[in-house]
There are 2 protein chains.
Amino acid sequence: MNENINNKLNAKSIKPTAMRQLVLHVLAEQKSAVSMQELEQKFEKADKVTLYRTLKTFEEKKLIHSIDDGTGSIKYALCRESCQCRPEDLHVHFYCTECKQTYCLNDIPIPSVNLPVHFTLENINMVVKGICANCI
Amino acid sequence: MNENINNKLNAKSIKPTAMRQLVLHVLAEQKSAVSMQELEQKFEKADKVTLYRTLKTFEEKKLIHSIDDGTGSIKYALCRESCQCRPEDLHVHFYCTECKQTYCLNDIPIPSVNLPVHFTLENINMVVKGICANCI
DNA sequence: AAGTTGATGCAATTGAGTTGCAAAGTTGTT
DNA sequence: AACAACTTTGCAACTCAATTGCATCAACTT
């Protein structure tokens, strides 16, 4: 298993078990965010629950972030190195209604919103739906 | 039953059945968006499925809009008169982590996003999480 | 009044996410 | 190496919201 994988796990203080190395390896090669179900199918033998808990752990440790794109199944994608999952780290996500893929638009930060007085901000979710460049 | 209710139904060409009048009436008096479950509890006798289909109809006819606030249950709220549910009609939603209510920030339009080239926009969902003015 | 269409209500299903618990694996101590 | 303490994994079973099928009921048409 790639040395890089273990570095990433260690950097976020996640014990590098075989399962976790495998899951991280697969996540790292995705071009779009994946659901638990999709991830499950990428392994021969994979227990849904273990996968579920692995993703939970990764998310807690801010190695990945989850995206609720409104399709009913949550998608997961790697965080950038620098990401702390703070509001200012967040980016826009794009769901293509044609290829049904959810993409991280890492270069597009979520625009700031002027909330009404006395509203405080903790988090923002912004998902744009449309057709991606590949599907036009 | 209020004459206004029937006008609204007629305006969106929805047949004004007793059920629909009732549901619209309840929806109209809400200050925040409600889930199907919450709505169900506001009636003595209410069938979940009828409610479900009523809401679907209302949504199709653009009388209400649904909000996926990330809590796992979809919320519904009345559209404004002028609303066509086009991207430029959309507003930001706010989920308060304290009172667990989801509010339409009708006065805050969703900021425009510069998508990468060849991405086309159909729809945007933007939910801000935090604490609302009542809960501070 | 019969026929057509749409609305409603009940039962049952789907599908994603989640929990409980026991078995297997890992780590540290003697 | 042997043991205890803790963590991770895998199976079964459950929850909860959303959805479908189908039979019944209501309203409108000719």
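Residue numbers begin at 1 in each chain, while the letters A, B, ... track the order of the sequences. Everything numeric here is computed off the predicted structure, so don't read it as measured data.
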Let me know the distance between [atom1] of [X] and [atom2] of [N], rounded to the nearest Å.
{"X": "A/Gln37", "N": "C/dG15", "atom1": "CD", "atom2": "C1'", "value": "8 Å"}
{"X": "A/Gln21", "N": "D/dT9", "atom1": "CD", "atom2": "P", "value": "10 Å"}
{"X": "B/Lys15", "N": "D/dT29", "atom1": "NZ", "atom2": "C1'", "value": "12 Å"}
{"X": "B/Met19", "N": "D/dC25", "atom1": "CE", "atom2": "C1'", "value": "15 Å"}
{"X": "A/Lys56", "N": "C/dT18", "atom1": "NZ", "atom2": "C1'", "value": "9 Å"}
{"X": "A/Asp69", "N": "C/dA16", "atom1": "CG", "atom2": "P", "value": "12 Å"}
{"X": "A/Glu59", "N": "C/dG17", "atom1": "CD", "atom2": "P", "value": "11 Å"}
{"X": "A/Gln41", "N": "C/dG15", "atom1": "CD", "atom2": "P", "value": "12 Å"}

Which heavy-atom pair separates [X] from [Y] by the least distance, and what is that distance?
{"X": "A/Tyr103", "Y": "A/Cys99", "answer": "OH-SG, 3.8 Å"}
{"X": "B/Asp69", "Y": "B/Lys75", "answer": "OD2-NZ, 2.8 Å"}
{"X": "B/Leu24", "Y": "B/Leu78", "answer": "CD1-CD2, 3.5 Å"}

Any B/Thr17 side-chain nitrogen or oxygen under 4.0 Å from OP1 or OP2 of C/dT8: yes
N/O (side chain, A/Tyr52) to phosphate O (OP1/OP2, C/dT18) under 4.0 Å: yes
Polar side-chain atom of A/Asn123 near backbone of B/Lys129 as donor-acceptor pair, under 3.5 Å: no
Sole candidate of A/His93, A/Glu59, A/Arg80 that passes side chain to side chain donor-acceptor pair (under 3.5 Å) when paired with A/His65: A/His93
Residue among A/Gln101, A/Glu38, A/Lys100 satisfying side chain to side chain donor-acceptor pair (under 3.5 Å) with A/Ser32: A/Gln101
Under-3.5 Å donor-acceptor pair between A/Lys48 side chain and C/dG17 base: yes
B/Arg53 (side chain) and C/dG6 (base): donor-acceptor pair under 3.5 Å: no
Rounded to 10 degrees, the angle between the two terminal axes of the helix from C/dA1-D/dT30 to C/dT30-D/dA1, each from five pairs: 10°
Side chain of A/Val49 (C-beta onward), nearest among D/dT9, D/dT19, C/dT19: C/dT19
Sugar-phosphate only, base, or nothing, as touched by B/Ser73 at under 4.0 Å among non-hydrogen atoms: sugar-phosphate
side-chain contact (heavy atoms from CB on, under 4.5 Å) between B/Ile110 and A/Met126, worked out: CA-CA 10 Å; B/Ile110 295 191; A/Met126 187 170 190; 3.8 Å; yes
